[in-house]
*Asks:* 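Dropping a structure here in structure tokens format, bear with me for questions.
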Number of protein chains: 2
Amino acid sequence: MRWSDLEDEACSVARTVSVIGDRWTLLILRDCFLRVRRFEDFQERLGITRPLLASRLRKLVKDFVLAKVPYQQRPLRYEYRLTEKGRDLYPVIMSIVHWGDVHMAGKKGRPLLHQHLVCGKTFDPVMVCSACGEPLDPRQVHVHRGPGAAGSRNLPPDEQRRPRLAHQR
Amino acid sequence: MRWSDLEDEACSVARTVSVIGDRWTLLILRDCFLRVRRFEDFQERLGITRPLLASRLRKLVKDFVLAKVPYQQRPLRYEYRLTEKGRDLYPVIMSIVHWGDVHMAGKKGRPLLHQHLVCGKTFDPVMVCSACGEPLDPRQVHVHRGPGAAGSRNLPPDEQRRPRLAHQR
DNA sequence: TTGACAGGTTTGAAAAATGAACTGACTATC
DNA sequence: GATAGTCAGTTCATTTTTCAAACCTGTCAA
């Protein structure tokens with residue numbers, strides 16, 4: 001399977017991964033949420049090579065995650081800003097940051113702290129159920145096929161179980 | 001910058017991306033949360049090449065995201081199970097799934113539906129503030145340097161602003 | 001007119017992914 | 001007891017990506 005084929009998969013992870021499933025893209029998006037907007041700034045902060053940065057930004061613009069908007073004329077210069085679609089990636093980035101804070105932080109602790117301007121406190125992001133508000137545990141979630149399910153390839157295996165290890169019976 | 005250098009960066013996104021920032025790894029993890037555990041099943045469901053699957057599983061085991069446990073003797077066979085560290089990636093996967101559901105779903109709607117066994121309802125994942133419980137908006141969050149911050153490279157740019165476009169003054 | 005700045009593109013070498021076939025330990029069936 | 005099948009990988013040659021350094025373009029300031 002080629003990467004570009006992922007867009008056509010009947011799986012939301014595959015389709016999302018076709019947009020952001022790339023190490024540099026995730027780092028670029030992190031910087032976008034830190035209000036970095038210009039080519040040179042991304043390049044210097046990330047240490048990414050210029051051709052790769054150009055290609056990643058081009059793809060993010062094509063996918064409407066970033067918008068390329070002029071910030072001056074003469075010489076015409078552009079900056080890259082998150083669209084609403086791009087801003088909706090905030091939970092993805094925040095959950096990645098949080099996992100890194102918990103499991104990958106060095107001895108000195110986490111590199112950045114987040115302050116919620118609504119309540120004023122330093123916080124961690126928590127993922128909850130939209131229906132009851134309780135934090136989510138993967139063992140308390142069942143998955144069913146939705147209207148967009150195509151074939152059986154991406155269903156959970158207990159809905160398409162074929163006999164396994166028949167010789168063990 | 002090499003990918004392996006990312007682990008040493010003073011940025012939680014970079015450190016996390018060094019573990020999961022790969023298209024196949026994210027798809028493997030999606031399947032792990034759907035209770036897929038065996039080499040052949042991953043290979044068939046994902047269409048990943050076998051050498052790549054082997055290398056990704058090896059890395060996830062090395063990073064303690066998955067554990068390789070025997071499920072039978074004679075012939076000795078192993079399966080891959082999420083560790084607690086791996087299960088903590090649930091918000092990452094769920095936020096990716098949700099973004100795909102909202103922004104990348106086809107005309108027929110989302111491929112999978114999630115049911116919360118605690119409340120019984122079909123739900124979406126929502127990311128909230130651990131302090132006040134309100135949903136997070138990136139514009140309502142300020143970032144400060146934490147104890148693990150090293151140098152200024154990964155700080156938000158407003159804390160290290162240098163003069164820009166001096167000739168425009 | 002010389003140099004600097006912002007935002008890229010070009011080019012050749014190095015690294016990674018792909019696809020197909022193969023290995024090895026074991027079992028089940030003819 | 002020969003043959004086929006299962007599962008979890010590895011090997012190897014080919015194609016694709018990525019990397020690093022240098023180069024290009026338009027504009028401005030000294």
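Each chain gets a letter, A, B and so on, in the order its sequence line appears, and its residues count up from 1. Values below: all heavy atoms of this structure, side chains included; hydrogens, waters and symmetry mates excluded.
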*Asks:* Which atom pairs link the protein and nucleotides 1-3 of chain D when you take only N or O atoms and keep those under 3.5 Å?
*Replies:*
none

*Asks:* Specify the separation, in whole Å, of atom CZ of B:Phe42 and atom C1' of D:dT6.
*Replies:* 18 Å

*Asks:* Any salt bridge (charged side-chain N to carboxylate O under 4.0 Å, His left out) pairs touching residues 120-136 of chain A, not counting sequence neighbours?
*Replies:* A:Arg110-A:Asp124

*Asks:* D:dT18, OP1 or OP2 - any side-chain N/O from A:Arg56 closer than 4.0 Å?
*Replies:* yes

*Asks:* Measure from CG on B:Leu52 to P on C:dA20 and round the result to the nearest Å.
*Replies:* 15 Å

*Asks:* Using OP1 and OP2 only, check whether a side-chain N or O of A:Tyr80 sits under 4.0 Å from C:dA6.
*Replies:* no

*Asks:* Can you tell me the distance, in whole Å, between the CG atom of B:Leu53 and the C1' atom of D:dC7?
*Replies:* 12 Å

*Asks:* What is the distance, rounded to the nearest whole Å, between atom CZ of B:Arg38 and atom P of D:dG9?
*Replies:* 12 Å

*Asks:* If each of B:Leu57 and A:Leu76 is mapped to the nucleotide of DNA chain D with the nearest heavy atom, which maps nearer the 5' terminus, i.e. the 5' end?
*Replies:* B:Leu57

*Asks:* Enumerate the ring-ring contact (aromatic ring centres under 6.0 Å, His included) contacts for residues 77-99 of chain B, please, sequence neighbours excluded, ordered by first and then second residue.
*Replies:* B:Phe33-B:Tyr90, B:Trp99-B:His103

*Asks:* Look for any protein N or O under 3.5 Å of an N or O in nucleotides 10-12 of chain D and output each such pair with its distance, or none.
*Replies:*
| unit_1 | atom_1 | unit_2 | atom_2 | d |
| --- | --- | --- | --- | --- |
| D:dT10 | OP2 | B:Arg58 | NH1 | 3.1 |

*Asks:* Does C:dG7 have its OP1 or OP2 closer than 4.0 Å to a side-chain nitrogen or oxygen of A:Tyr71?
*Replies:* yes

*Asks:* Which of these, A:Val36, A:Leu46, A:Thr25, A:Val97, sits in a side-chain contact (heavy atoms from CB on, under 4.5 Å) with A:Arg30?
*Replies:* A:Leu46

*Asks:* To the nearest angstrom, how far is B:Arg23 atom CZ from D:dT16 atom P?
*Replies:* 14 Å

*Asks:* Treat each ILVMFWY residue as a node, draw an edge where side-chain heavy atoms are under 4.5 Å apart, and state whether B:Val61 and B:Ile48 are in one component.
*Replies:* yes

*Asks:* Under 4.5 Å side-chain heavy-atom separation, chaining through any Ile, Leu, Val, Met, Phe, Trp or Tyr, what else clusters with B:Val126? Say none if it is isolated.
*Replies:* A:Val126, A:Val128, B:Val128

*Asks:* According to side chain to side chain donor-acceptor pair (under 3.5 Å), who are the partners of A:Arg87, at least two apart in sequence or on a separate chain?
*Replies:* none

*Asks:* Please enumerate all residues that pass side chain to side chain donor-acceptor pair (under 3.5 Å) together with A:Arg50, with sequence neighbours excluded.
*Replies:* A:Glu40

*Asks:* Please determine if a side-chain N or O atom of B:Trp24 lies less than 4.0 Å away from the OP1 or OP2 oxygen of C:dT18.
*Replies:* yes

*Asks:* For the side chain of B:Asp22, starting at C-beta, report the closest nucleotide among C:dT18, C:dG8, C:dA17.
*Replies:* C:dA17

*Asks:* Just to confirm, is there a sub-4.0 Å distance from OP1 or OP2 of C:dA16 to any side-chain nitrogen or oxygen of B:Lys59?
*Replies:* no

*Asks:* Applying ring-ring contact (aromatic ring centres under 6.0 Å, His included), can you list everything that pairs with B:Phe39, at least two apart in sequence or on another chain?
*Replies:* none

*Asks:* How many whole angstroms separate atom CD of A:Gln72 from atom P of D:dC28?
*Replies:* 9 Å

*Asks:* In whole angstroms, how far is the P atom of D:dA22 from the CD atom of A:Gln43?
*Replies:* 14 Å

*Asks:* Roughly how many Å is it from CZ in A:Arg77 to P in C:dA4, rounded to a whole number?
*Replies:* 16 Å

*Asks:* Does B:Phe42 have B:Arg56 sitting over its ring (NZ/CZ under 6.0 Å from centre, angle to axis within 45°)?
*Replies:* no

*Asks:* Could you tell me which residues satisfy salt bridge (Lys or Arg N to Asp or Glu O under 4.0 Å) with B:Asp63, sequence neighbours excluded, listed by chain and number?
*Replies:* B:Lys59

